[in-house]
Amino acid sequence: MKQNRSIFADPGRIAPSVEKAWRDDFIVELRLLSVPGDQIGDELMTVETHVAESGEPAVQAFGEAKVYAREIAAATGAAGRGGSVGPATIGGNVLGLLGMLGTAGAFAGGLAGGPVGVTTGELMGLAAVLALVGALFVPKTLRVIVEHPRLALLLPALVIGVLVGIVILLSDPLFTVPPVPLGVAGVLLLVVGTAVTWYDLSDDASEITAPGEGPSDGRRGRLLAVVAMPLMTVLLLSHVWLLHALTA
């Protein structure tokens, strides 16, 4: 039966008797293996039933959570059938990012009343950012981040520092672009990226549901994910306008 709940509802509600640490490791490992959400819910309920009835800790009954999750994924053939990151996920985000940067650059150029200068540093920085965005959606990268949280905390600061250094050191203009065509291209990329993201999320099978539960409506969650890049663009444009107003 369809339940009135958020798409962000805590999957721990399915197995409240299971130790949180074991349960979290179990869910994360199944997520990394792209097991469908309904399959994860079924397995959580199996563990919950055993733990609730026997009083036996999950680690004692099923072993280490990550090992047990891998055994389940291999035995059921569920790995890779749900919640995986595909070309549409990466494409939608990359197009949206390009659209946001293009629109902001055109807006800044329009306020300044001249063409938009593009430097070697900006092109190299953009290429690096796009590569990083693509890498963040690869399951192997996600596994490294999950298993090495300290690295995940330090890496963003290191990457930002390197990118800023590249942009500053290679600041000579390579070519210029008129702001209007650049703005039109930016908006088109943003629209296409948003549409691709919407299509990708409409076929999402990652929501964890208990046996007998239908997927949540999820419209609010999907809408937030889809409009994230346009909202970030609006915020960036506001920031550009504010800087221009303060320095004019």
Side-chain angles (χ1 to χ4, degrees), residues 84-145 148 150-201 224-248:
S84 61
V85 178
T89 307
I90 298 175
N93 283 278
V94 169
L95 290 174
L97 180 60
L98 287 173
M100 179 179 70
L101 296 177
T103 303
F107 186 60
L111 290 175
V116 180
V118 180
T119 70
T120 303
E122 290 172 341
L123 289 178
M124 293 181 65
L126 177 61
V129 169
L130 293 177
L132 286 172
V133 170
L136 287 176
F137 288 104
V138 175
K140 289 184 178 179
T141 306
L142 295 177
R143 178 179 292 281
V144 171
I145 293 175
H148 301 84
R150 292 182 180 177
L151 176 63
L153 290 175
L154 293 175
L155 192 58
L158 178 63
V159 170
I160 291 173
V162 171
L163 291 180
V164 170
I166 291 174
V167 172
I168 292 175
L169 291 175
L170 303 174
S171 60
D172 293 333
L174 193 61
F175 58 88
T176 59
V177 181
V180 173
L182 179 60
V184 171
V187 171
L188 286 176
L189 287 172
L190 195 58
V191 170
V192 173
T194 301
V196 171
T197 301
W198 175 262
Y199 168 77
D200 182 47
L201 291 176
L224 286 174
V226 169
V227 302
M229 201 64 79
L231 285 178
M232 290 173 60
T233 302
V234 172
L235 291 175
L236 185 57
L237 295 181
S238 301
H239 182 69
V240 170
W241 177 82
L242 181 60
L243 286 178
H244 175 77
L246 292 175
T247 58

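This one's a predicted model, so the numbers in the text were calculated from it and none came from an experiment. Values below: all heavy atoms of this structure, side chains included; hydrogens, waters and symmetry mates excluded.
- Looking only at side-chain heavy atoms (C-beta outward), Leu174 and Val118 stay at 4.5 Å or farther from each other.
- The two atoms that bring Pro115 and Pro179 nearest to each other are CA-CD, 4.0 Å, heavy atoms only.
- Take Thr119 and apply the side chain to side chain contact (heavy atoms under 4.5 Å, CB included) test, not counting sequence neighbours, and it matches Glu122.
- In this structure, Val116 and Gly109 approach most closely via the heavy-atom pair CG2-CA, 3.9 Å.
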Where do Val187 and Thr103 land on the side chain to side chain contact (heavy atoms under 4.5 Å, CB included) test, with the steps shown first? CA-CA 6 Å; Val187 171; Thr103 303; 4.1 Å; yes
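- The structure places CD1 of Ile168 at 11.0 Å from CG of Leu163, a figure rounded to the nearest 0.5 Å.
- Here the straight-line distance linking atom OG1 of Thr194 with atom CG of Leu189 works out to 10.5 Å at 0.5 Å rounding.
- Rounding to the nearest 0.5 Å gives a distance of 7.5 Å between NE2 of His239 and CG of Leu242.
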Between Phe175 and Leu123, does a side chain to side chain contact (heavy atoms under 4.5 Å, CB included) hold up when you go through it step by step? CA-CA 11 Å; Phe175 58 88; Leu123 289 178; 4.0 Å; yes
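- Contact record, Phe107 with Val240: CD2-CG1, 3.9 Å, taken as the closest heavy-atom pair.
- Once rounded to the nearest 0.5 Å, the distance linking CE of Met100 with CG of Leu231 reads 11.5 Å.
- Note that CG of Leu126 is 6.0 Å distant from CG of Leu101, once rounded to the nearest 0.5 Å.
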Dump the intermediate steps for side chain to side chain contact (heavy atoms under 4.5 Å, CB included) on Thr197 and Met229, then the final yes or no. CA-CA 10 Å; Thr197 301; Met229 201 64 79; over 6 Å; no
